[in-house]
Each structure stands twice: as C-alpha cells, then as structure tokens.
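Because the structure is a prediction, the values reported are computed rather than measured.
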Amino acid sequence: MTLAPQITFRHLEPSPAMEGRIRALAARLERFSPSILRCRVTVQAPPAHHRQGRVFEIGIDVDVPDRQICVRHSHPYSQAHEDAYVALRDAFRAVRRQLQDYERRHRGDVKAHAPQAQARADEFDAGPDSRTG
C-alpha cells in the first residue's frame, strides 16, 4: 500500500505506539491484496464517564477497485476488547478475510454456479391411453 492509512482517534488521546501498530497492520494487508487504494482506521473508546468495561470500537474502511470493505468491530461483552491492541488485531483479521475473499472472486477462483432448473410436478396426466380400466 503506497498510501499511509488515515487514522482517527475518538474519545482518547492519539498514541504514537498505537499509530505505529496500525500502520504495521495496514502494511500487512498489502500481502493479501495489492490493489488497495485507501485505508481509513477509526479507534473509538467509550466516553470518559465509563470507567469500567471500556471496550474499544474499531472501524476500518478499505477501498479496492469496484468495492469498499467496511469493518466495524466492537464486542460490548468481550473483556478482551478492553485492550485496544486486541481490538485492533481482531478488526484487521476481519478485514484480511474479506480482502482474501475479494481477491479470490477477482481472480476467478470462486466458481459462479449456474442456476439449476427446478421442476415441480403436482399432478401428472399421461393422457387417455395410460389409464387402465
């Protein structure tokens, strides 16, 4: 990815360490899809009045030709996502899976199945010759 990701922090102070981690995770995405045009990452913490159970919400938007991949990752009942780095890891894994699916479809590795004809015979009448007396 030649463009650096656009990083936005909401309800928390920007952290150089977290920005570095986001840039490293975004750079890894290029291994799965070289056609990434843009990457935007939003890290959001709950408002300050939430002292316990602060679960981080991560939003990642990745633009590729013909598609925009959007991941909104928040697990309000997951204590693991009280750590911003764990929440980032999980969100980038979700983006990676969607990028891999995009690349498979783009290369034609995924078959497009032809719709199968469906027939239904509720009542079959073979004509007057088929009836036995």
Requested in this report: Could you list the residues that satisfy side-chain hydrogen bond (donor to acceptor under 3.5 Å, both in side chains) with Gln100, not counting sequence neighbours?
Outcome: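 side-chain hydrogen bond (donor to acceptor under 3.5 Å, both in side chains) list for Gln100, sorted by chain: empty.
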
Query raised in the report: Among all residues two or more places apart in sequence or in another chain, which pass the side-chain hydrogen bond (donor to acceptor under 3.5 Å, both in side chains) test with Arg67?
Result: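 So Arg67 forms no side-chain hydrogen bond (donor to acceptor under 3.5 Å, both in side chains) with any residue.
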
With hydrophobic residues grouped by side-chain heavy-atom distances under 4.5 Å, do [X] and [Y] end up in a single group?
X	Y	value
Val95	Val64	yes
Ile60	Phe9	yes
Ile36	Ile7	yes

Please report the closest heavy-atom contact between [X] and [Y], naming both atoms and the distance.
X	Y	answer
Thr42	Arg10	CG2-NH1, 3.8 Å
Leu37	Pro65	CD1-N, 4.0 Å
Ile58	Ala91	CG2-CB, 3.6 Å
Ala45	Phe56	CB-CE2, 3.7 Å

Report task. Please name all residues satisfying ring pair (Phe, Tyr, Trp, His ring centres under 6.0 Å) with Tyr102, sequence neighbours left out, ordered by chain then number. Result ->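 Testing Tyr102 for ring pair (Phe, Tyr, Trp, His ring centres under 6.0 Å), a comparison that skips the adjacent residues, returns His106.
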
Query raised in the report: Do Arg72 and Glu57 have side chains that get closer than 4.5 Å, going by heavy atoms?
Result: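 Not in contact.
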
Report task. For the pair Asp61 and Arg38, find out whether any cationic side-chain nitrogen is under 4.0 Å from an anionic carboxylate oxygen. Result ->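 Looking at Arg38 together with Asp61, the answer is no, because their closest N to O distance does not fall below 4.0 Å.
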
Report task. Mind checking the CG-CG spacing from Leu25 to Leu88? Nearest 0.5 Å is all I need. Result ->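 The CG atom of Leu88 is 6.5 Å from CG of Leu25, to the nearest 0.5 Å.
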
Query - Interatomic spacing from CZ in Arg23 to SG in Cys39 - rounded to 0.5 Å - result: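 If we round to the nearest 0.5 Å, Arg23:CZ and Cys39:SG are 10.0 Å apart.
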
**Report entry** Name of the residue among Arg97, Gln98, Arg104 meeting side chain to side chain donor-acceptor pair (under 3.5 Å) with Asp101
**Finding:**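 With Asp101 as partner, Arg97, Gln98, Arg104 yield a single side chain to side chain donor-acceptor pair (under 3.5 Å), made by Arg104.
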
Only pairs under 3.5 Å count here: list side-chain donor-acceptor contacts from residues 13-21, not counting sequence neighbours, and write none if there are none.
| residue | atom | partner | partner atom | Å |
| --- | --- | --- | --- | --- |
| Ser15 | OG | Ala17 | N | 3.4 |
| Ser15 | OG | Met18 | N | 3.2 |

Requested in this report: Ignoring hydrogens and angles, state whether a donor on the side chain of Glu103 or Ser35 is under 3.5 Å from an acceptor on the partner side chain.
Outcome: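 There is such a pair (donor and acceptor under 3.5 Å, judged by atom type) between the side chains of Glu103 and Ser35.
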
